[in-house]
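See structure below.
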Amino acid sequence: MKLISSRDNPQLKTWRRLAQDTTAYRKAGQFWLEGDHLCRAALERGVRPLQLVLTESFQAEQGDQWVGLTDQVFVLPDALFASLSGLESPARMGFVVAWQASHQVLPDAPTVVLDRLQDAGNVGAILRCASAFGYRQVLAIKGTAALWSPKVLRAGMGAHFGLHLFEALSEADVATLHVPLLTTSSHEGPFLHALLKAGDLPSRCAWVFGHEGQGVSASLMATAQHQVRIAQPGGEESLNVATAAAICLHASATAGL
């Protein structure tokens, strides 16, 4: 166990980059997890940290519960830990975890495709839905928010660790899928509930969710088996993309049950 008390410590600067720079993990080959809830979610999925970072107060209260995960354990004064955190209300512990890019797309897996989604909260929420409803693969087309950034990790609430995640892909990569593509549309195509009622909604498929403003690209729309509408009796023009994703993924996951 090593105590760090200097703001100029090189190790602290590395953690700060991982905690505050959205794409630092790609160069470093490591990512930052902050907070005991998220770290426990990682442990439950078999993830083990390279480094364990604790505040002095957390180490005094709960440090014994985290002993044995790694031989690299660091303790910081609470104020110093807060200086590296990207949270408004900093947690009191964190992990540094090894990261490497995924390379081989699974052509037959139920899949979620993210077409240039830029809001980290939306991306993380969709990853959480994908995990909950049995979609084990997520393909992020170039222009999508960095999947392992701290904000997406927090919004995903641990979903990352049960998913195959691919970043910076092209539409050509999406074309390698063997499952049918479905997209959402505000104005075209059959209604989701009608497809479900008729038994025409595939349970094994790839749902494509598009940019918050521009929607799914026209070229991906053209390759979709269905452009699906979600009924909105209340009259709103559109739904938040993460909300639409939850509705669509749940519908497919329960089709035929």
Side-chain angles (χ1 to χ4, degrees), residues 18 21-33 38 42 45 47 97-184 204-224 239-249 252-253:
L18 292 177
D21 185 332
T22 58
T23 60
Y25 65 90
R26 294 175 181 165
K27 183 176 181 179
Q30 302 172 345
F31 62 89
W32 171 255
L33 286 182
L38 196 52
R45 295 280 190 170
V47 175
V97 181
W99 175 87
Q100 62 179 5
S102 299
H103 295 292
Q104 188 170 357
V105 172
L106 308 175
D108 297 310
T111 300
V112 171
V113 179
L114 305 178
D115 181 16
R116 299 163 294 124
L117 270 70
Q118 296 183 339
D119 183 87
N122 283 336
V123 171
I126 293 174
L127 296 188
R128 193 175 181 189
C129 290
S131 180
F133 298 131
Y135 288 75
R136 294 306 177 204
Q137 176 170 258
V138 177
L139 310 184
I141 292 176
K142 187 176 182 179
T144 299
L147 297 188
W148 295 90
S149 68
K151 288 184 178 180
V152 174
L153 280 161
R154 290 196 296 272
M157 298 289 287
H160 286 69
F161 311 117
L163 297 168
H164 299 283
L165 303 176
F166 299 84
E167 292 190 301
L169 299 186
S170 68
E171 292 186 12
D173 296 303
V174 178
T176 66
L177 294 173
H178 296 166
V179 293
L181 261 61
L182 284 75
T183 65
T184 55
R204 182 177 289 273
C205 62
W207 277 100
V208 185
F209 302 107
H211 182 277
E212 288 86 351
Q214 302 166 12
V216 176
S217 70
S219 50
L220 281 175
M221 280 281 200
T223 63
L239 295 171
N240 169 271
V241 65
T243 301
I247 294 169
C248 294
L249 297 179
S252 279

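In what follows, residues are counted from 1 in the order of the sequence shown. Worth knowing before you read on, the calculation uses all heavy atoms, side chains too, and leaves out hydrogens, waters and symmetry mates.
In plain terms, the two heavy atoms of V216 and F209 that are nearest each other are CG2-C, 4.1 Å. Closest approach of A120 to K151, counting heavy atoms only: CB-CB, 3.7 Å. Between V138 and A130, the shortest heavy-atom distance links the atoms CG2-CB, 4.3 Å. Contact record, F166 with L147: O-CD1, 3.9 Å, taken as the closest heavy-atom pair.
Of the N and O atoms on the side chains of D173 and S170, at least one donor lies less than 3.5 Å from an acceptor on the other residue. In this model, no donor atom of one side chain and acceptor atom of the other lie less than 3.5 Å apart for T144 and Q118.
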- Query: How far apart are the C-alpha atoms of H211 and L117, what are their side-chain angles, what is the distance that settles it, and do they pass the side-chain contact (heavy atoms from CB on, under 4.5 Å) test?
  - Reply: CA-CA 4 Å; H211 182 277; L117 270 70; 5.6 Å; no
- Would you check, one step at a time, whether the test side-chain contact (heavy atoms from CB on, under 4.5 Å) holds for L220 with I141? CA-CA 11 Å; L220 281 175; I141 292 176; 3.6 Å; yes
- Begin from the C-alpha positions of L127 and H160 and carry the test side-chain contact (heavy atoms from CB on, under 4.5 Å) through to its verdict. CA-CA 7 Å; L127 296 188; H160 286 69; 3.5 Å; yes
- Message: Evaluate L249 against Y135 for side-chain contact (heavy atoms from CB on, under 4.5 Å), listing each step before the verdict.
- Response: CA-CA 8 Å; L249 297 179; Y135 288 75; 3.7 Å; yes
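Between W148 and L33, the closest side-chain pair of non-hydrogen atoms is not below 4.5 Å. Q137 is not listed as a side-chain neighbour of V112, based on a closest heavy-atom distance of 4.5 Å or more.
Ion pairing of K142 with E167 is absent here, as no side-chain N (NZ or NE/NH1/NH2) approaches a carboxylate O to less than 4.0 Å.
Taking the six-membered ring wherever Trp is involved, the centroid distance between the rings of W99 and Y25 falls below 6.0 Å.
Of the listed residues (L139, T223, D108), just one forms a side chain to side chain contact (heavy atoms under 4.5 Å, CB included) with L177, and that residue is L139.
Side chain of E212 to main chain of D119: a donor-acceptor pair is present (N/O by atom type, distance under 3.5 Å, no hydrogens or angles). A donor-acceptor contact shorter than 3.5 Å is absent between the side chain of R26 and the backbone of A146.
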